[in-house]
A.B. asks: 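My questions all concern the structure below.
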Amino acid sequence: MINRRRKAGAVLAAFAAAVAVWLPATSAQAAGGPVVHIMVLRDHIGLPVPPAVDPPQIGWYLDNDGPGTAKDVAISADLSDVKDWVTVDGKSVDSFAWPAIGSVPEGSSAGYIADVNAKPGTPLGTTGKVTLSGTSSNGTVVSRTIELTAGTTELKVNKLADRKGDKPGSTIESPITISNTGTLPAKGVQLRMASTIGLSYADRFSNCAYTTVQAEAATQQALCTFDTVVEPGKSYRLDQPLKLDVTHQALFEYFTDEALPLSGGAPTPGDGPKLSLVAAGDAGTDGTSEGRQNIDVDSTADMVAGGDTAKGAPGDLVHVDVSLSDHGPGWVYYNKSDDQPALLLTVPTGTKAVEVPKHCSVWNEDAKAGTGEQTPGAPQYVCNPDPNTFAVGDTRTFRFGLKIREGARTTTGEARATTAYGNTMAFDDNHANDTAAVTVEVEGSDSGSATATATPSASATAKTDGNGVGTQTVATADDTTGSLASTGSSGMLPVAATAGAGALLLGGALVFVVRRRKA
């Protein structure tokens, strides 16, 4: 439950970086003191008519430009312009003051929220302004104005069915419809579309701006502007289907779209014809605020394990670089599960891992997962790349420090391309390169050939102090595929996402995933 006082403001502060780019900057300065800006998530708020049980909110946070900490900061709202038809937290008042914040350090800080509602009987289209202002004992607080309107513009897009089996080189055509389920017209619309990098827009239109954003999943964005008035209760469709080309690197892709009332100017006109909205009847009831279409392409990605060789004498500390690479043809953004690509290292017999790299932890064979601990001396470690997306040609390297034990002979361990839960990657159909040798050549060894190190069994844990000089019992590999026997989760449960990023909201989304085990 959101704390409706200051703790609620912490939620707002989390969005500060994403929101700041959409908000106008101010330039007020205080002589010798810090300058604090009141930042809002929305500078125009539509109020439902009749009033809503769960009303919209005025939400703000603070951004201190410095220099130094602003002291004794307090924020209030002037409601005199809207008092006759607006309530704040259920009250009709001329002004509303939040509890004093006190000290505000440089940078972004949490703020507050307050419920706002239109009084019953308020005519649709009534507008007014609320001014947020503040005080500080040693600085300046720059005020902010929010416009309130009785009535809402609720723009929805139609849901697009998920797709499977499209091949690289094909083109996907999707009809897009925008509906207004609110009570006020939208005097123009912005259609924001985004897709992962395995897809590209087949057509370019003069009223759309195209950009590429490098985020966790690099996205191709298109912002299209329409001056069409979208009336309440009506729907409008693009005058032609949206066309997306499936590129040679496509594998697990998605497309998102969102319609917003037009605000500000149109993007710089580009080349090509103009994309238009045309009337399409009554507003649909099955629309969504932000659409997301998952597109699983009929392709593969070859994930390759990389090994290494080191030389040293007993007692020496040597280093080996093991790696995980994507040899394509598809890039890997596995948005189906948290069973992400990983690398499993079996430490060569006669050596002890004493330096464990970041993102690698002790492998727990019983749990089929990493423990999260970087304890030295374990027989196996799993490395989970961060980020876990792989462009074609990407390589993630992990350096381990191995100490050669007394009496050790030249020995070989193994690096294995696997998943975070020890499964075979379903999208990789070439398992010949899933494993690679990790060899330590021991000087003075009575044998010039390497002794193969077997994979430790479930009973081999960190308590054994790593792989000793003697032979270790093993869990056998699958002789048919060369990979470990299939165990652990299937890695095929769908994700549930928020959307601003929508869950994978562009620029910043959160993805919640569920893990299950095979029967």
A.B. asks: Looking only at non-hydrogen atoms, find the nearest pair between D326 and G328 and report the distance.
C.D. replies: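 Looking at all heavy atoms of both residues, the shortest contact is OD1-N, 2.8 Å.
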
A.B. asks: Between T87 and S92, is there a donor-acceptor pair closer than 3.5 Å when you use the side chain of the first and the backbone of the second?
C.D. replies: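 No; judged by distance alone, with no hydrogens or angles, the pair does not exist.
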
A.B. asks: Just so I know, are the side chains of L199 and T247 near enough to count as touching, which here means a heavy-atom distance under 4.5 Å?
C.D. replies: no

A.B. asks: Between the main-chain N or O of G151 and the side-chain N or O of T149, is there a donor-acceptor pair closer than 3.5 Å?
C.D. replies: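 Such a contact is absent between T149 side chain and G151 backbone.
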
A.B. asks: For V157 and G291, which heavy atoms make the closest approach, and how far apart are they?
C.D. replies: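 Nearest heavy atoms, V157 then G291: CG2-N, 3.7 Å.
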
A.B. asks: Which is it for R192 and L260 under the side-chain contact (heavy atoms from CB on, under 4.5 Å) test, yes or no, and what are the steps along the way?
C.D. replies: CA-CA 8 Å; R192 296 180 182 177; L260 300 171; 3.2 Å; yes

A.B. asks: For D227, which residues count as a side chain to side chain contact (heavy atoms under 4.5 Å, CB included) partner, sequence neighbours excluded?
C.D. replies: K274

A.B. asks: Does the side chain of T212 come within less than 4.5 Å of T219's, by heavy atoms?
C.D. replies: no

A.B. asks: Nearest 0.5 Å please: distance from the OG atom of S276 over to the CZ atom of F205.
C.D. replies: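 Rounded to the nearest 0.5 Å, the OG-CZ separation comes out at 9.0 Å.
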
A.B. asks: Using atom types as modelled, flag every donor-acceptor pair under 3.5 Å from a side chain in residues 122-131 to any protein atom, sequence neighbours excluded.
C.D. replies:
from	atom 1	to	atom 2	distance (Å)
T122	OG1	K119	O	2.7
T126	OG1	P123	O	2.8

A.B. asks: Salt-bridged, D366 to K368, with N to O below 4.0 Å?
C.D. replies: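 No salt bridge links D366 with K368.
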
A.B. asks: Using only atom types and a distance under 3.5 Å, with no angle test, would you say the side chain of Q249 pairs donor to acceptor with the backbone of V392?
C.D. replies: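 Not a single qualifying donor-acceptor pair exists.
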
A.B. asks: With a 4.5 Å cut-off on side-chain heavy atoms, are I146 and I45 touching?
C.D. replies: yes

A.B. asks: For D72 and G102, indicate whether the former's side chain and the latter's backbone hold a donor-acceptor pair under 3.5 Å.
C.D. replies: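 A pair under 3.5 Å: no.
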
A.B. asks: Checking D81 now: which residues fulfil side chain to side chain donor-acceptor pair (under 3.5 Å) with it, not counting sequence neighbours?
C.D. replies: none

A.B. asks: Is the side chain of N158 donor-acceptor paired with the backbone N or O of P175 at a distance under 3.5 Å, no angle test?
C.D. replies: yes

A.B. asks: Using every non-hydrogen atom in the two residues, find where G66 and N64 come nearest and quote the distance to one decimal.
C.D. replies: N-OD1, 2.7 Å

A.B. asks: May I ask you to decide if E154's main-chain N or O and N180's side chain share a donor-acceptor pair within less than 3.5 Å?
C.D. replies: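 Checking the backbone N and O of E154 against the side chain of N180, a donor-acceptor pair under 3.5 Å is found.
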
A.B. asks: Is there a donor-acceptor contact under 3.5 Å from the side chain of Y254 to the main chain of A194?
C.D. replies: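 A pair under 3.5 Å: no.
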
A.B. asks: Could you give me the CA-CA distance, side-chain angles and deciding distance for S143 and S133, then say whether side-chain hydrogen bond (donor to acceptor under 3.5 Å, both in side chains) is met?
C.D. replies: CA-CA 4 Å; S143 61; S133 59; over 6 Å; no

A.B. asks: Is the closest side-chain heavy-atom distance between Q374 and Y381 below 4.5 Å?
C.D. replies: no

A.B. asks: Just to verify, what does D54 make a side chain to side chain donor-acceptor pair (under 3.5 Å) with, not counting sequence neighbours?
C.D. replies: none

A.B. asks: Checking R396 against D394 for the salt bridge (Lys or Arg N to Asp or Glu O under 4.0 Å) test, could you report, in this order, the C-alpha distance in whole Å, the side-chain angles of both residues, the deciding distance, and whether it holds?
C.D. replies: CA-CA 7 Å; R396 307 292 163 75; D394 270 2; 3.5 Å; yes

A.B. asks: Within this structure, what is the OG-CD distance for the pair S195 and Q221, rounded to the nearest 0.5 Å?
C.D. replies: 9.0 Å

A.B. asks: Are any non-hydrogen side-chain atoms of H37 and D65 less than 4.5 angstrom apart?
C.D. replies: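 A side-chain contact exists here, since the closest heavy-atom pair is under 4.5 Å.
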
A.B. asks: Starting at OG1 of T181, measure out to CG of L155 and round the result to the nearest 0.5 Å.
C.D. replies: 8.0 Å

A.B. asks: Going through the checks in order, is the side-chain contact (heavy atoms from CB on, under 4.5 Å) test met by V36 and D63?
C.D. replies: CA-CA 6 Å; V36 178; D63 195 353; over 6 Å; no

A.B. asks: Would you name the heavy atoms of W363 and A420 that are closest together and state the gap between them?
C.D. replies: CZ3-O, 3.6 Å

A.B. asks: Under a 4.5 Å cut-off applied to non-hydrogen side-chain atoms, are F96 and D78 in contact?
C.D. replies: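 No, too far: nothing below the 4.5 Å cut-off.
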
A.B. asks: Apply side-chain hydrogen bond (donor to acceptor under 3.5 Å, both in side chains) to residues T225 and Q190 and explain how you reach the verdict.
C.D. replies: CA-CA 5 Å; T225 302; Q190 285 184 333; 4.6 Å; no

A.B. asks: Are the side chain of E106 and the backbone N or O of G68 linked by a donor-acceptor pair below 3.5 Å?
C.D. replies: yes

A.B. asks: With a 4.5 Å cut-off on side-chain heavy atoms, are M425 and P341 touching?
C.D. replies: yes

A.B. asks: Please collect all salt bridge (Lys or Arg N to Asp or Glu O under 4.0 Å) contacts where either partner lies in residues 228-238, sequence neighbours excluded, each pair once.
C.D. replies: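 Residue pairs with at least one partner in residues 228-238: K234-D282.
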
A.B. asks: Any side-chain donor paired with an acceptor under 3.5 Å for D339 and T419?
C.D. replies: yes

A.B. asks: Are R292 and F255 in a cation-pi setup, meaning NZ or CZ lies under 6.0 angstrom from the ring centre and within 45 degrees of the ring axis?
C.D. replies: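 Checked: cation-pi criterion not met.
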
A.B. asks: Output the distance between atom OG (S137) and atom NZ (K71), rounded to the nearest 0.5 Å.
C.D. replies: 7.0 Å

A.B. asks: Using the benzene-type ring in the case of Trp, are the ring centres of Y333 and F252 under 6.0 Å apart?
C.D. replies: no

A.B. asks: Show me the pairs that pass salt bridge (Lys or Arg N to Asp or Glu O under 4.0 Å) and involve residues 94-105, at least two apart or across chains.
C.D. replies: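 The answer is K83-D94.
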
A.B. asks: Could you please spell out the steps behind the side-chain hydrogen bond (donor to acceptor under 3.5 Å, both in side chains) verdict for Y421 and D338?
C.D. replies: CA-CA 9 Å; Y421 302 144; D338 57 349; 2.8 Å; yes

A.B. asks: Atom CZ of F226 and atom SG of C208: how far apart are they, to the nearest 0.5 Å?
C.D. replies: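 It is 5.5 Å, given to the nearest 0.5 Å.
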
A.B. asks: Looking only at heavy atoms, which two atoms of P185 and V229 are closest? And how far apart?
C.D. replies: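 That would be CB-CG1, 4.0 Å.
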
A.B. asks: Are L148 and W85 close enough that some pair of their side-chain heavy atoms sits under 4.5 Å apart?
C.D. replies: yes

A.B. asks: Taking the six-membered ring for Trp, is the centroid-to-centroid distance between W60 and Y112 below 6.0 Å?
C.D. replies: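 Yes.
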
A.B. asks: Is there a side-chain contact (heavy atoms from CB on, under 4.5 Å) between Y61 and S109 once you walk through the steps?
C.D. replies: CA-CA 6 Å; Y61 62 94; S109 296; over 6 Å; no

A.B. asks: What's the shortest heavy-atom distance between L251 and G330, and which atoms?
C.D. replies: CB-CA, 4.4 Å

A.B. asks: Keeping the roles fixed (side chain from S361, backbone from G372), state whether a donor-acceptor pair exists under 3.5 Å.
C.D. replies: yes

A.B. asks: Could you tell me the separation between the NZ atom of K91 and the CG atom of L79, rounded to the nearest 0.5 Å?
C.D. replies: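 Answer rounded to 0.5 Å: 12.0 Å.
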
A.B. asks: Are the side chain of D89 and the backbone N or O of D115 linked by a donor-acceptor pair below 3.5 Å?
C.D. replies: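 Answer holds: yes.
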
A.B. asks: Test side-chain contact (heavy atoms from CB on, under 4.5 Å) on V141 and I38; report intermediate values, then the result.
C.D. replies: CA-CA 7 Å; V141 179; I38 302 174; 3.9 Å; yes

